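Notes follow once the structure below has been shown.
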Amino acid sequence: GESVGLHLPTLSVQEGDNSIINCAYSNSASDYFIWYKQESGKGPQFIIDIRSNMDKRQGQRVTVLLNKTVKHLSLQIAATQPGDSAVYFCAENLFNNQGGKLIFGQGTELSVKP
Amino acid sequence: ETGVTQTPRHLVMGMTNKKSLKCEQHLGHNAMYWYKQSAKKPLELMFVYNFKEQTENNSVPSRFSPECPNSSHLFLHLHTLQPEDSALYLCASSQDLPSYQPQHFGDGTRLSIL
C-alpha cells in the first residue's frame, strides 16, 4: 500500500560515532526521496534529497543511499553530535497527474549520548 | 529561522468554538500544504494549493476549511472540532508541486480541543 516504513523507531548512538537510519518504501514508481529532521517543538527541517536516477548523494556530514532493487533508503550521519538528536523522517514522492504527493514514514528517534 | 511562519503556535479551543490557523511563506513558492501530525503517526496530508487553486483534499472532514487568498498565505478555518482533532498542524510550501522539490515546513500550531 501507500506507506513508507522505518526499520527501527529509536536509535541511540555515542557522540562521535556514525549513525545509520533506515527506511523502506513500498512504491516502485516513487522517483524522489527526502530526509527530514524534526526537533522537539519545531517543524520538519529538510536535510537531503535524492532522485531515483542516483544511488548515493552526499551533503555536509550526511549521506543518503538509495537501493531501488530492495526499495530501501538510508541516511548516514558522520560523527554524530548531540545537536543531531531529533526524529528523522523519510518521505517518498509518489508521482501523480498533479506532480506528486509526499508520503511520510513514521520517523526514527535518534538519541545521542555524550 | 524558517521561511514559513505559522500562528498561533498554540491554540486551545472548545468543540463549539471557531478559530483559524494562519500560515505565511516568504520563499516565493507557489504551492502550499496543510498537514496533520499526531503522536506516533506519519504526517497526514490534508490540503494542497498550487497557484492559489486547491489541487487536493485528502478526504478531510468539512469542519476543516482551507483558504488560500494568494500564494504567500494559507489559512485553516476550524469549527465544531472533535477531541481527536487535537494534533500539531503543519504548513509547508514548495516552489511548485512536490515533484523533485523539497517542501519547507513551518513550526506548526499545537491544537488542543477540550
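All chains are named by letter (A, B, ...) in the order of the sequence lines, taking the proteins before the strands, and each is independently numbered beginning at 1. Please read all numbers here as calculations on a predicted model, not as lab measurements.
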Quiz item: Is it the side chain or the backbone of Q37(B) that comes within 4.5 Å of chain A heavy atoms, both, or neither?
Solution: side chain

Quiz item: Would L78(B) and L90(B) show up in the same hydrophobic cluster when neighbours are defined by side-chain heavy atoms closer than 4.5 Å?
Solution: no

Quiz item: Taking the side chain as C-beta and beyond, is there a heavy-atom pair between Y36(A) and P102(B) under 4.5 Å?
Solution: yes

Quiz item: Are Y89(B) and I113(B) connected in a single hydrophobic cluster, I mean Ile/Leu/Val/Met/Phe/Trp/Tyr linked by side-chain heavy atoms less than 4.5 Å apart?
Solution: yes

Quiz item: At a heavy-atom separation under 4.5 Å, does L43(B) approach chain A through its side chain, its backbone, both, or neither?
Solution: both

Quiz item: Is atom CD of Q14(A) surrounded by more than 12 heavy atoms (other residues, nucleotides or ligands) closer than 6.0 Å?
Solution: yes

Quiz prompt | Where Y100(B) and N93(A) come nearest, the two heavy atoms and their spacing | solution = N-ND2, 4.5 Å

Self-check item: Heavy-atom side-chain contact between E56(B) and K101(A) under 4.5 Å
Solution: yes

Self-check item: Crowding at NZ, K18(B) (>12 non-hydrogen neighbours, <6.0 Å)
Solution: no

Practice problem: Check whether L73(A) and L110(A) end up in the same hydrophobic cluster, where Ile, Leu, Val, Met, Phe, Trp and Tyr are linked by side-chain heavy atoms less than 4.5 Å apart. | Solution: yes

Quiz item: Quick one: do L76(B) and L88(B) end up in the same hydrophobic cluster if we chain Ile, Leu, Val, Met, Phe, Trp and Tyr together by side-chain heavy atoms under 4.5 Å apart?
Solution: no

Quiz item: So if you build clusters from Ile, Leu, Val, Met, Phe, Trp, Tyr with side-chain heavy-atom gaps below 4.5 Å, do Y25(A) and Y88(A) land together?
Solution: yes

Practice problem: Kindly indicate, with the supporting measurements, whether the criterion side-chain contact (heavy atoms from CB on, under 4.5 Å) is fulfilled by Q38(A) and F105(B). | Solution: CA-CA 10 Å; Q38(A) 187 173 22; F105(B) 287 82; over 6 Å; no

Quiz prompt | Heavy-atom contacts under 4.5 Å, residues 39-58 of chain A to chain B | solution = G41(A), K42(A), G43(A), P44(A), F46(A), D49(A), R51(A)

Quiz item: Of the backbone (N, CA, C, O) and the side chain (C-beta and beyond), which part of R110(B) lies under 4.5 Å from a heavy atom of chain A, both, or neither?
Solution: neither

